[in-house]
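So you know, we letter chains A, B, ... as the sequences are listed, proteins then strands, and number each from 1. For the numbers below, each heavy atom of this structure counts, side chains included, while hydrogens, waters and symmetry mates do not.
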Amino acid sequence: MELLVDNLAHGFGVALSLNNLLFALLGAFIGTAIGVLPGIGPVATISLLLPITFGQPATTAIIMLAGIYYGAQYGGSTTAILLNLPGEVSSVVTTLEGYKMARNGRAGAALTIAALGSFFAGSVATVLVAASGPLLTEVALSFGPADYFSLMLLGLIISAVLAQGSVVKSVGMVVLGVALGLVGTDVQTGQQRFTFGVPELSDGLNFAAMAMGVFGIAEIIANLERPEVRSVLSSKVGRLFLTREEFRRAVPSVLRGTLVGSALGILPGGGASLASFGSYMMERKMSRGRNEFGNGAIEGVAGPEAANNAAAQTSFIPLLTLGIPGNAVMALMVGALIIQGIQPGPRMVESQPDLFWGLICSMWIGNVMLLVINLPMIGMWVKLLQVPYKYMYPAILTFCAIGVYSINNNVFDVYQTVFFSVLGYVFAKLKMEPAPLLVGFVLGPMMEEHLRRAMLLSRGDPSVFIERPISAVLLVIAALALGLMLLPGLRKKKEAAMAG
Amino acid sequence: MRINAKDFGSGLLLLALAGIGLWLNTDHTLGTAQRMGPGYMPMLTFGLLFGLGLIVLGISFASGPDPLEKWTKIDFVGLFLGIAVGLVAYPLIAAVPALANNWYPLGIGLVIALLVMAISPGWRKLALVLAGMTLFGVLLDQGGLFLAIAAMVVVAALAEPAHRPLGVLGSVVFLIVVCWWVFIYELDIRVNIWPTF
């Protein structure tokens, strides 16, 4: 306990340095902006800004990128409540009750409870990450190569199972991601694989180019092909204060949402959107105001908004303690760390204390900043929505192009982005979920390493994966997760939950 | 029976990519399970991908109708003409000594192919946005950052009919100023700003 306090004190020391404060604020600010704006999400933004963070120390870079992710959860609720337009996938359910509340003249109250609930959940999640980090690290240090391989396999399978749409197709996307990760120099023999003699490919496909193409540019094209939804602010924000009755009803929902969100965030493949859906389902069944659902029940805003913010933060736990990214955003964080020369893994808490504790403390500071950025400045964010998309997409495109070029100062990377944009466009047309692809791409090379090591140690005997207890348990969970989703009943339930 | 065209297409795509991967992988030594060669993991991965492709293809017969968007005749023509023109242009550009470096044949070939594709309304938005981005790559090294940004924004703006010339001009000026400030002044990336010959 004392150690935890010491560590947190150290973390606050790091997070409160001027540079880190500034970048946390910048991240929270950008996060809120893209959260408010529909049509650009955290995955695209983080990949777009990845190159900009190279010049900064690793801790600062991750602090800013993390700020974008949880900041987007705050911002997403604003448009959901005021315009019935989810700024992010994770605020889709907030539109259901939040917009009704706005129609009833309680927009201010909905915004307040969304922000306060998020703040509370964010604070709890911060403590949770701090407490569980060193614990899980202990566990992870006893992992052998076989256990690691199984853990990554579990991560991949769960990220596919929980993705939207068909499970088999998502598993296909994961494997395709692993396959794309094979391009480049084979670490052990130095042989070039799938590079077509292109020297630029000897380090592998460009991760930022893939993320920007598949998520950013393909999304721009999809938005242009869709007729623009013009929505007008239909109601005034009104008073921001909650009534005593509203407060009393919201508190249990925030608590439940925090709990559900934290749990679903840790799960590999989980994250903010899953958490908000989970919490919404729970509130609709359990809360005292369940009869008012559909007419603007405050529980339906408080729970999911707390949950998505909690999950955005606890999804860092598997990354920081095991080095395993649970979702596409965390895959980008791995990319950012590797570019900075840090191999994510269980030793990170010890070897990078500044990064680990600094990030945790900055999350809490970031949540305080977000409270200030969001509530009093709500009018400014609403104005931002009035910028037409036709002025926004050339800007996004420009930042992508320069950003991806500046990684290696090579135009080949720009052409790679174009290639991945086409691929992302095809994926969208065929309803193939791109998020598992990114997770597979990041985990693939690590899996190959661990597989090789495990098989070398076992002299080529694959039974090592079921003989080691940790590995066996992980594989059983993976098989169960996959098996359960193939049952038609559960699959329908998942589809219903995903559709809100 | 109506098949699920999206799943059918996904299955074909996975199968094709797996097939190409397995074929390319014949160059690599497999090794044994104990001492894996460079080809071992690709064999496992692409083999699995092939299997999954087959399953997705199989499922598409049962997962209900989900048709793709209709392709008009001009969409087909645009796609194949674009690819054909690009394939012809590539070796021609590569034959010009001044353009044989810096990926010029790839970039210019891609721009030409995408612009040809843009004649069909179905591909126009995709093609123009990507042509703008590719043009940025072509122009950047010798044309400089400002010219590259201007060309990219103008071509990409053509993808949205609601754009007016004055608005595009404003976007170009605004983005050049912002990018100069962020990338040159603050981040100091190494790139030409003005054209060099």
**Q.** A:F194-B:F46 aromatic ring centre distance below 6.0 Å
**A.**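 Centroid distance A:F194-B:F46: below 6.0 Å, so yes.
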Q) Please walk me through it: do B:C179 and A:T398 pass side-chain contact (heavy atoms from CB on, under 4.5 Å)? A) CA-CA 8 Å; B:C179 290; A:T398 307; 3.6 Å; yes
Q. Could you go step by step and tell me if A:E448 and B:T45 meet the side-chain contact (heavy atoms from CB on, under 4.5 Å) rule?
A. CA-CA 10 Å; A:E448 181 176 12; B:T45 313; over 6 Å; no
Any sub-3.5 Å donor-acceptor pair from [X]'s side-chain atoms to [Y]'s backbone N or O?
X: A:Y393; Y: B:A156; value: yes
X: B:H28; Y: A:R193; value: no
X: B:K125; Y: A:L224; value: yes
X: A:R452; Y: B:G37; value: yes

Q: State the OH-CE distance between B:Y40 and A:M455, to the nearest 0.5 angstrom.
A: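 B:Y40 OH to A:M455 CE: 5.5 Å, rounded to 0.5 Å.
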Q) From B:R190 CZ over to A:S406 OG, what is the distance, rounded to the nearest 0.5 angstrom? A)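 The OG atom of A:S406 is 12.5 Å from CZ of B:R190, to the nearest 0.5 Å.
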(Q) Determine whether B:F136 and A:Y415 satisfy the following criterion, ring-ring contact (aromatic ring centres under 6.0 Å, His included), listing intermediate values before the conclusion. (A) CA-CA 10 Å; B:F136 173 87; A:Y415 305 146; 9.8 Å; no
Please determine, among [options], the option with the most heavy-atom pairs under 4.5 Å with chain A.
options: B:D188, B:L114, B:V138; answer: B:V138
options: B:D66, B:V178, B:I55, B:L52; answer: B:L52
options: B:A148, B:G53, B:G51, B:A157; answer: B:A157
options: B:S171, B:P38, B:G137; answer: B:P38

Name the option with the most non-hydrogen atom pairs under 4.5 Å to chain B; the candidates are [options].
options: A:V175, A:I217, A:D186; answer: A:V175
options: A:V171, A:I221, A:I220; answer: A:I221
options: A:V418, A:L176, A:I402, A:V187; answer: A:I402
options: A:K169, A:M432, A:M173; answer: A:K169

Q) With a 4.5 angstrom heavy-atom cut-off, which part of A:Q191 approaches chain B: side chain, backbone, both or neither? A)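 A:Q191 touches chain B through side-chain heavy atoms alone.
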Q) By a 4.5 Å heavy-atom criterion (distance strictly below it), what part of A:D413 contacts chain B: side chain, backbone, both, or neither? A)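 Contact with chain B involves no heavy atom of A:D413 at all.
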Q: Look at atom NZ of A:K429 and say whether more than 12 heavy atoms of other residues, nucleotides or ligands are closer to it than 6.0 Å.
A: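 More than 12 within 6.0 Å, yes.
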Q.
Using side-chain contact (heavy atoms from CB on, under 4.5 Å), reason through A:T189 and B:T29 one step at a time and then give a plain yes or no.
A. CA-CA 10 Å; A:T189 59; B:T29 37; over 6 Å; no
Q: Heavy atoms only: give me the nearest B:P42-A:L182 pair and the separation to one decimal.
A: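 Shortest heavy-atom separation between B:P42 and A:L182 comes out as CA-CD1, 3.5 Å.
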Q.
For a quick check under 3.5 Å, do A:Y405 and B:D141 share a side-chain donor-acceptor pair by atom type?
A.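 Per modelled atom types, A:Y405 and B:D141 side chains form a pair under 3.5 Å.
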Q. Would you call the rings of A:F412 and B:W103 parallel, tilted or perpendicular, where under 30° means parallel and over 60° means perpendicular?
A.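 Rings of A:F412 and B:W103: tilted, 30 to 60°.
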Q) What part of B:L13 is in contact with chain A, defined as an atom under 4.5 angstrom from a non-hydrogen atom: side chain, backbone, both or neither? A)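 The answer is the side chain of B:L13.
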